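Naming: A, B, ... by sequence-line order, numbering from 1 per chain. All figures in this text were calculated on a predicted structure; none of them were measured in a lab.
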Number of protein chains: 2
Amino acid sequence: MTELDAKGISVLLVDDHPIVRQGYRRVLESQGDLHVVAEADNAADAYAAFKAHDPDVVVMDISMPGASGLEAIRNIRARNPRARVLVFTMHNEAVLVKSAFNAGANGFVTKSSEPSAVVRAIRSVARGERAMSDDIAHVLAEESLSPTGSVLDQLGEREIEILRQFASGATTEQIASHLNLSVKTVQNYHYLIKTKTGARTDAQLVRLAATCGLTKI
Amino acid sequence: MTELDAKGISVLLVDDHPIVRQGYRRVLESQGDLHVVAEADNAADAYAAFKAHDPDVVVMDISMPGASGLEAIRNIRARNPRARVLVFTMHNEAVLVKSAFNAGANGFVTKSSEPSAVVRAIRSVARGERAMSDDIAHVLAEESLSPTGSVLDQLGEREIEILRQFASGATTEQIASHLNLSVKTVQNYHYLIKTKTGARTDAQLVRLAATCGLTKI
DNA sequence: AAGTGCTTCGGGAAATTTGCCCGAATATGC
DNA sequence: GCATATTCGGGCAAATTTCCCGAAGCACTT
């Protein structure tokens with residue numbers, strides 16, 4: 001392994017878009033020390049390719065059709081704890097970032113990042129360090145200022161129930177009727193939930209509820 | 001222009017992800033006859049770059065933060081009807097494809113396409129032909145066969161675009177700014193969309209947009 | 001037993017949005 | 001040329017949201 005490191009860093013590329021993979025490959029290969037030893041376009045193939053090639057770093061987009069990229073990360077880290085996984089995606093939601101790190105990711109950079117920053121991140125995780133792009137750091141920093149973990153942890157039981165019903169399409173009157181509350185109280189909860197979660201619009205609230213599994217769409 | 005064509009095809013790359021742009025650039029440049037003369041990461045810059053470089057083909061992702069890519073297509077085609085625009089995005093919803101062609105796009109390929117297919121599409125639109133990737137053709141074919149009108153069929157293009165942005169979490173002010181409309185107009189559209197679709201709450205609107213594939217959650 | 005903190009429940013008032021009317025400019029179709 | 005659909009916004013009353021506030025019930029601590 002140390003010999004391999006001396007010769008460079010082997011990379012497994014995982015992304016569901018062929019041309020994006022090809023783009024990565026060219027960018028990374030042009031660095032000299034980075035070698036793409038395999039590619040995959042889904043979570044299952046990613047794990048198979050990892051077992052076959054045992055790369056130093058897995059660079060993967062976790063928003064792929066089919067199985068979850070997070071599951072792939074867990075599998076990879078479970079098989080070889082010395083494996084390094086750098087998540088590379090367009091999403092920048094705090095919950096997703098935390099999920100990725102909890103799943104065992106070593107780094108998280110967004111596709112908005114400069115290629116140089118991505119390359120730097122690959123070298124960082126290869127050295128065993130944690131890496132993340134500036135925008136991700138900002139998102140997490142903001143999040144950390146609210147003393148809670150998951151977005152839902154900061155909500156009380158009543159608030160969660162109201163959020164669930166609201167995100168499922170219920171009107172304020174219906175919720176009030178269901179829970180035997182005054183319309184005014186439901187409105188107040190609605191507002192409270194928005195401020196607590198930081199959602200600016202009802203649409204963001206629905207998306208939040210959906211990503212937290214509170215409601216299915 | 002014929003001389004230029006003989007020497008190759010000049011391309012303006014528009015995508016909000018730097019590394020993706022760099023990837024395209026390398027893939028296209030490796031073809032020999034394709035030359036990336038400029039890049040842009042948003043709709044406004046795209047139009048400016050088009051005016052400055054007058055490229056043969058504009059390859060653009062229409063899902064960018066800020067102003068609509070569709071608007072950029074309209075502007076570009078309005079300025080120079082001989083311009084060719086190839087939309088290159090990860091979305092594959094029939095409505096979006098139709099909107100793009102109505103806006104003046106000459107081609108539409110998804111990022112799931114093989115790089116070779118993308119290159120072929122660029123050459124096609126450069127020759128003035130219409131181009132689309134196989135998956136897009138299938139989506140449109142399916143659409144034309146299904147007698148059941150989607151809920152979205154009763155909405156105009158503008159309404160769909162506003163619904164998409166709204167369901168994606170944009171505020172009324174942001175949408176108005178993106179599309180250069182007055183806040184009042186966006187509010188009116190919002191109301192119109194609700195009545196046309198029968199949605200009673202914003203949450204139902206978001207769910208509708210999601211089930212129609214207008215937005216991902 | 002009193003204090004602290006949290007959740008739950010609502011009132012009040014200003015700001016904003018909704019709901020629904022309208023007219024006008026511009027395609028688009030026949 | 002005429003009808004029709006789409007796009008764009010003004011106006012205005014009604015409704016809702018926003019943001020403040022207090023209070024009651026509970027659990028947990030010292």
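Computed from coordinates, the B/Tyr191 OH to D/dG9 C1' distance equals 15 Å when rounded to whole Å. Atom P of nucleotide C/dT18 and atom CG of B/Asp202 are separated by 6 Å, given to the nearest angstrom. Atom OH of B/Tyr189 and atom C1' of D/dA5 are 11 Å apart (whole Å). Regarding A/Gln187, its CD atom lies at a distance of 12 Å from the P atom of C/dG10, rounded to whole Å. Here the C1' atom of nucleotide D/dT17 and the CD1 atom of A/Ile193 are 14 Å apart, to the nearest Å. Distance, B/Asn180 CG to D/dT7 C1': 14 Å, rounded to whole Å. Rounded to whole Å, atom P of C/dT18 lies 10 Å from atom CG of B/Leu205. We find that CG of B/Leu181 is positioned 18 Å from P of C/dA25, with the value rounded to whole Å.
Of the listed nucleotides (D/dT18, D/dG10, C/dT18), D/dT18 has the atom at the smallest distance from the side chain of A/Lys194. Which of D/dG9, D/dC20, C/dT17 sits closest to the side chain of A/Asn188 comes down to D/dC20. Comparing C/dC9, C/dA13, D/dT7 against the side chain of A/Arg158 picks out C/dC9 as the nearest. Residue A/His190 has its side chain nearest to D/dT17 when only D/dT17, C/dC9, D/dC8 are considered. Nearest nucleotide to the A/Thr185 side chain, out of C/dC9, D/dT18, D/dC8: C/dC9. Across D/dT18, D/dT7, D/dG9, the shortest atom-to-atom separation from the side chain of A/Lys184 is found for D/dT18.
Under a 4.0 Å N-O distance rule, the pair B/Arg21/B/Asp16 does not qualify as a salt bridge. With respect to A/Glu161 and A/Arg164, a salt bridge is recorded, a charged nitrogen being found less than 4.0 Å from a carboxylate O. Salt-bridge annotation for B/Arg25 and B/Asp15: absent, with no side-chain N of the basic residue lying under 4.0 Å from a carboxylate O of the acidic one. We find that B/Asp202 and B/Lys194 are joined by a salt bridge, their nearest charged nitrogen and carboxylate oxygen being less than 4.0 Å apart.
Every side chain to side chain contact (heavy atoms under 4.5 Å, CB included) that A/Arg158 has, sequence neighbours left out, goes to A/Leu179, A/Leu181, A/Tyr189.
Among the atoms of the strands shown, only primed sugar atoms or phosphate atoms (P, OP1, OP2) are found under 4.0 Å from some heavy atom of B/Glu173.
When the nearest nucleotides of DNA chain D are assigned to B/Glu157 and A/Arg200 by heavy-atom distance, the more 5′-ward of the two goes with B/Glu157.
Counting only distance, with no hydrogens or angles, the side chain of A/Arg84 and the backbone of A/Glu129 share no donor-acceptor pair below 3.5 Å.
At a cut-off of 3.5 angstrom, the base of C/dG19 holds no donor-acceptor pair with the side chain of B/Lys196.
A ring-centre distance under 6.0 Å is found for A/Tyr24 and A/Phe88.
End-to-end axis angle for the helix from C/dA1-D/dT30 to C/dC30-D/dG1, using five pairs per end and rounding to 10°, comes out at 40°.
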